[in-house]
Amino acid sequence: MDGIKQEEALELQRLLQERQSLSIFEEATLHYTSLCFDKCIGRIGTKLDSSEQTCLSNCVERFFDVSESVLYHIAGSADGPNQGQEKGGSFF
Amino acid sequence: MDGIKQEEALELQRLLQERQSLSIFEEATLHYTSLCFDKCIGRIGTKLDSSEQTCLSNCVERFFDVSESVLYHIAGSADGPNQGQEKGGSFF
Amino acid sequence: MDINALTPYDRNRFMAMMEEKQVKDSLRLYHNLVERCFLDCANDFTTKTLTAKEEACVNKCCDKFLKYSARIGQRFAEQNTAMVDIQQQLISENASQ
Amino acid sequence: MDINALTPYDRNRFMAMMEEKQVKDSLRLYHNLVERCFLDCANDFTTKTLTAKEEACVNKCCDKFLKYSARIGQRFAEQNTAMVDIQQQLISENASQ
Amino acid sequence: MSYFNQQQAASNQTFMQLEHEMEAMTDVFNKIISSCHTKCIPTKYSESDLNKAESVCVDRCFSKYMIVQQQIGSKLQELSQNVQEMNAEAAARASQ
Amino acid sequence: MSYFNQQQAASNQTFMQLEHEMEAMTDVFNKIISSCHTKCIPTKYSESDLNKAESVCVDRCFSKYMIVQQQIGSKLQELSQNVQEMNAEAAARASQ
């Protein structure tokens with residue numbers, strides 16, 4: 001590519017990386033916001049009461065706890081519920 | 001592209017078109033199946049009873065009726081609820 | 001973000017992006033409306049067309065959703081004044097050309 | 001669809017596609033499980049970790065979903081014997097090489 | 001590039017059909033998983049296994065979904081044929 | 001190609017930031033539309049307009065969503081900083 005100097009190329013790379021990681025953080029914020037909002041807030045009252053606040057401040061970490069728990073559980077039963085699935089096979 | 005004769009190119013084009021239209025039909029079948037299944041069938045009983053059957057046979061056409069109704073309604077109120085949206089503008 | 005940094009070329013790109021966005025948003029709105037009002041209003045299924053009651057429901061469903069959507073849009077614009085200002089500036093500059 | 005029409009090159013493509021599919025399916029299963037079991041089981045939010053009751057719920061939720069999913073898979077395979085036969089044939093031919 | 005000789009073309013076509021079929025089947029599978037879970041599996045999770053009622057429900061739900069899929073497919077085909085017939089009639093009238 | 005001169009590079013960067021921002025805002029907007037409709041708009045549709053209770057609900061729902069978004073963003077940042085600190089400590093220990 002004509003006209004692109006070394007420093008410009010490095011700058012571009014840095015910007016792309018920055019944009020990528022911002023994007024992942026934004027994706028996560030978007031996803032957990034809607035998840036925790038739907039989970040923690042029932043009836044829309046005047047303000048966020050203390051139980052809603054508690055729920056919200058613990059929501060993300062409890063989600064990670066569940067993720068970890070599920071992963072551990074699936075990994076443990078890798079031979080069980082996947083009967084019929086041979087290497088490369090599917091059989092749904 | 002070397003080696004592609006006229007007839008092969010036409011055959012390829014025909015196949016692509018075929019695959020495209022099959023795909024649209026399949027997409028529609030997939031979408032309306034899940035929509036009508038969720039809509040028409042509540043409790044899972046022994047077999048599909050007559051009210052469920054009636055619902056299913058009319059489901060797709062009622063969906064088209066609603067689509068038409070909504071379209072007509074939106075087109076009619078094009079000046080109303082989009083206040084603030086100028087040409088090319090958004091303001092959400 | 002300095003808007004004045006935008007070249008005329010990129011200003012046009014922005015306007016084109018906004019128009020494309022409006023088209024996409026309208027399509028999405030339409031599909032959401034149809035699915036929602038179908039699920040909420042179509043309950044009879046014994047007749048060859050929608051009943052008068054169902055038609056009325058669909059109309060109210062549409063109106064309500066559009067007004068609801070517009071209200072959220074207003075609150076959203078109030079929250080995001082920076083972006084709204086940018087949009088307004090670029091649109092008026094485009095119009096005066 | 002004549003499976004014997006597949007060249008060795010395309011057989012490999014098929015195997016690669018199946019493996020990729022399995023990876024995607026596993027990821028999707030994982031994400032579905034986490035979201036579902038979170039929504040259904042995590043209700044306390046007053047403690048710093050999941051309570052014992054919630055942990056037990058998550059375990060049962062996982063087991064149940066996996067067994068449910070396997071059952072649907074069985075019924076599905078019974079319905080789609082043609083595709084299952086194709087998969088089995090290609091896999092065993094691949095294994096015997 | 002001699003890619004498009006007869007044998008390779010036939011092989012490629014078969015591959016693409018398989019790929020397409022697999023994709024379509026995956027979509028249907030996932031829709032069924034979603035719909036039948038709502039209708040058959042209660043969310044209180046008292047035990048790890050599917051009990052008898054749940055198993056029966058799942059099997060029935062699956063069959064019904066397949067029946068519905070076939071009916072919807074037929075209905076869509078019928079409706080699109082009607083549209084084609086109407087278009088053909090309109091074209092015939094227009095050319096008179 | 002002299003595309004990457006200073007002015008055009010700055011302009012392009014601004015454009016991409018705007019595009020990114022618009023996309024993010026659209027995503028948030030659509031999530032709010034979905035969540036707040038469930039919580040505020042009953043499905044029996046007795047009238048065309050939003051009544052007072054629904055309007056109040058919608059406004060409150062919107063503010064709450066914004067508050068939740070901010071809290072979640074802070075929490076994720078805090079958690080990722082913790083991970084970074086742990087990694088730095090582990091690296092420091094490993095290099096001793």
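Below, chains carry the letters A, B, ... as their sequence lines are ordered, and counting in each starts from 1.
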Practice problem: Would you mind telling me which of A/Ser57, A/Ser34, A/Cys59 has the largest number of heavy-atom pairs within less than 4.5 Å of chain F? | Solution: A/Ser34
Quiz item: Top residue by heavy-atom pair count (under 4.5 Å) with chain F, among A/Ala28, A/Cys40, A/Gly45, A/Gly42?
Solution: A/Gly45
Self-check item: Beyond-backbone contact of A/Glu52 with A/Asp49, side-chain heavy atoms, under 4.5 angstrom
Solution: yes
Quiz item: Are we looking at SG atoms under 2.5 Å apart for A/Cys55 and A/Cys36?
Solution: no
Quiz item: Which of residues 39-55 of chain F get closer than 4.5 angstrom to chain A, counting heavy atoms alone?
Solution: F/Lys39, F/Cys40
Quiz item: Given the rule in the side-chain hydrogen bond (donor to acceptor under 3.5 Å, both in side chains) test, do F/Gln8 and F/Asn5 qualify, once you have shown the distances and angles that lead to the verdict?
Solution: CA-CA 6 Å; F/Gln8 284 167 326; F/Asn5 71 48; 2.8 Å; yes
Self-check item: Residue, of F/Lys64, F/Lys31, F/Gln71, F/Glu23, that accumulates the most heavy atom pairs under 4.5 Å with chain A
Solution: F/Lys64
Exercise. Determine, for F/Lys75 against A/Glu61, whether the closest basic-nitrogen to carboxylate-oxygen distance falls under 4.0 angstrom.
Key: yes
Quiz prompt | Minimum side-chain heavy-atom gap A/Tyr32-A/Phe37 below 4.5 Å | solution = no
Practice problem: Taking the six-membered ring for Trp and the single ring otherwise, decide whether the centroids of F/Phe29 and F/Tyr65 are under 6.0 Å apart. | Solution: no
Quiz item: For the Cys pair F/Cys57 and F/Cys36, is the SG-SG distance shorter than 2.5 Å?
Solution: no
Quiz item: Below 4.5 Å, heavy atoms only, C-beta onward: do F/Met66 and F/Ile32 meet side chain to side chain?
Solution: yes
Quiz item: So what's closer than 4.5 Å to chain A heavy atoms on F/Gln77: side chain, backbone, both or neither?
Solution: both
Quiz item: So which of F/Val56, F/Ile67, F/Leu79, F/Thr38 has the largest heavy-atom pair count under 4.5 angstrom toward chain A?
Solution: F/Leu79
